[in-house]
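Read through the structure below, which is laid out as structure tokens, and then see the notes.
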2 protein chains.
Amino acid sequence: MTEIQRPGALYQQVAAAIREAILAGEFAPDSLLPSEAQLMARYGVSRPTVRNAIAALRAEGLIDVRHGKGSFVRADGQPALTIERRVSRTADGRFVMPNGDVWDEAEEPSTYRTRTTKATGRLLELGEEEALFGCDRLLVDSGTGTRAMHRTLIPFEVAEGVPLLAEEPCKRPAAIYWVLTQAGHKLWWSETVRAHMPLPDERTTLQLPDATPILHLARITHGTDDRPLILEELRVGADRAELAYRITADKQPARRART
Amino acid sequence: MTEIQRPGALYQQVAAAIREAILAGEFAPDSLLPSEAQLMARYGVSRPTVRNAIAALRAEGLIDVRHGKGSFVRADGQPALTIERRVSRTADGRFVMPNGDVWDEAEEPSTYRTRTTKATGRLLELGEEEALFGCDRLLVDSGTGTRAMHRTLIPFEVAEGVPLLAEEPCKRPAAIYWVLTQAGHKLWWSETVRAHMPLPDERTTLQLPDATPILHLARITHGTDDRPLILEELRVGADRAELAYRITADKQPARRART
DNA sequence: GGACGTCACTTGTCCTTACGAGTTATGACT
DNA sequence: AGTCATAACTCGTAAGGACAAGTGACGTCC
């Protein structure tokens, strides 16, 4: 039994001891930590205390626990998939998404009609309760197995001005961009990035491990008059994916966007 | 006492019941949930079961628990701060960061010398154990109180070619960009975004609430020959900040970056 | 009336006990 | 030798009890 003398509650002292051992490299990645019974004996505490300490380390994403097997040090290598958030055009004017080739559709896309919420209305610079086409996709990267949820929202107002959209709005983004360009728009995009913890249904559909945040992107396609035309949302687990952007210097001082 | 009939463990059934009540809006944001004792009576379960359910909801970021007061529904409004990841130049060629004016230094920057790790070496396209200047800042947005950790890493190799950097490498990024431009570089930037759960020290320095991921940016400044010159890292809590990018279509098909 | 102490409420920590459920190695049986 | 049952490990769930610590309101005392 090892004595511990640290600030805070007992389980935090145990958690801190294990954490430091992990961060110091005393346990190799993917290696097995001592079992709960061993930790009880090692630190002279009860099982709830040990489990509380382990729960803290799980919430930090330091370890994975597998029922019947034990606790394993999580390997924190870099994400397997880098999602390039860029838009390219070929010589003949078609749009090419840098990652367009890696994503497969894991399910049939589901198309529906809905209305703006407060959040989506703000992004599209519309009021609430405006009519929208919606299309949800579940994407899978066949190479790494990374899954992502993709949603496209197109205001009726926009689709009405673009016949090819009104007929069949559930296209892949690159095709939508091309249709908009054919309708006379010169496009640019703004994108906001957030992260949050998944709800249970997001956890299951994205097959996320413990303590894994979701990267949540909202991309807005702007037309010639800079008005928002389309909103795309992408949700992907932050354990296996990272985002990549390219930035070049603006000539003008930044203007104020979004009040 | 209310009967529950759902899949899974008891505490998950309790958690699901509370979660649905919250998501259905039966509890207003910032309102007080029933106390543990009340939930025990309501669902006819023991205190550990109730606490387990509450722990699950905490991990999802749905509620905040305050010692001695109770559990409160977390208001999930949009982040208070939008960090524009852009670089602008004024008419006279100086660099202006869109958010340069909002950040204050919460502490004196600390400068040091270090060496590349596997991760930083890869980003800077250097080997391991290459010598670097480092500078850590703790930033605060005086408007929203948002805190962020900023790190600048400059290879000796780069600083030697730019006298003004070698003398005093711990400048603000805009100043560093200007110095590099004066040395003849035409700059562009690449940026990768990740999210992960904070370690305890990050949690305290960034003053993060429960179940709050960190947005972790790595920006690389590229010079005229596209070689990486500088690595900047920014860490900010995802509860109060979001990132904003602008994208325009490339003329060329995307080339492959990063092996 | 104001200040302060107490009390009732909240969640936090820690222990004990018991059993269920997944995994794996061991060994007996065919 | 191969197969399968069992046993011995792992973590998961659930209950009960006890006390500590933070909060706020109420009531008493000065």
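Being a predicted model, the structure only gives us computed values, none of them experimental. So that the names make sense, note that chain A is the first sequence line, chain B the second, and so on, each numbered from 1. Heavy atoms only: backbone and side chains are in, while hydrogens, waters and symmetry mates are out.
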Note, A:Asp141 side chain near A:Trp103 side chain (heavy atom, < 4.5 Å): yes
Check: A:Asp210 main-chain N/O paired with A:Thr212 side-chain donor or acceptor under 3.5 Å: yes
Side chain to side chain, A:Glu202 and A:Leu208, heavy atoms closer than 4.5 Å: no
Stepwise salt bridge (charged side-chain N to carboxylate O under 4.0 Å, His left out) check, B:Arg147 with B:Asp104: CA-CA 9 Å; B:Arg147 297 162 78 93; B:Asp104 285 326; over 6 Å; no
5' priority, DNA chain D, between B:Tyr11 and B:Arg47 [closest heavy atom]: B:Tyr11
Length of the CG-C1' vector between A:Asn52 and D:dC11, whole Å: 15 Å
Nearest-nucleotide 5' precedence on DNA chain C, B:Ile54 against A:Met40: B:Ile54
Member of A:Leu139, A:Leu217, A:Val236 meeting the side-chain contact (heavy atoms from CB on, under 4.5 Å) criterion with A:His150: A:Leu139
Selection: residues 56-69 of chain B, any non-hydrogen atom under 4.0 Å of DNA chain C: B:Arg58, B:Val65, B:Arg66, B:His67, B:Gly68, B:Lys69
Chain A footprint on DNA chain C, 5' to 3' - any atom under 4.0 Å from a heavy atom: C:dT13 to C:dT24
Whole-Å distance separating the CZ atom of B:Arg51 from the C1' atom of D:dA18: 14 Å
Between P of D:dA20 and CD of A:Gln12, the distance in whole Å: 18 Å
5' priority, DNA chain C, between B:Pro48 and B:Glu36 [closest heavy atom]: B:Glu36
Polar side-chain atom of B:Thr116 near backbone of B:Gly127 as donor-acceptor pair, under 3.5 Å: yes
Side-chain touch B:Arg219/B:Arg85, heavy atoms, less than 4.5 angstrom: yes
Within-4.5 Å side-chain heavy-atom neighbours: A:His216 and B:Glu242: no
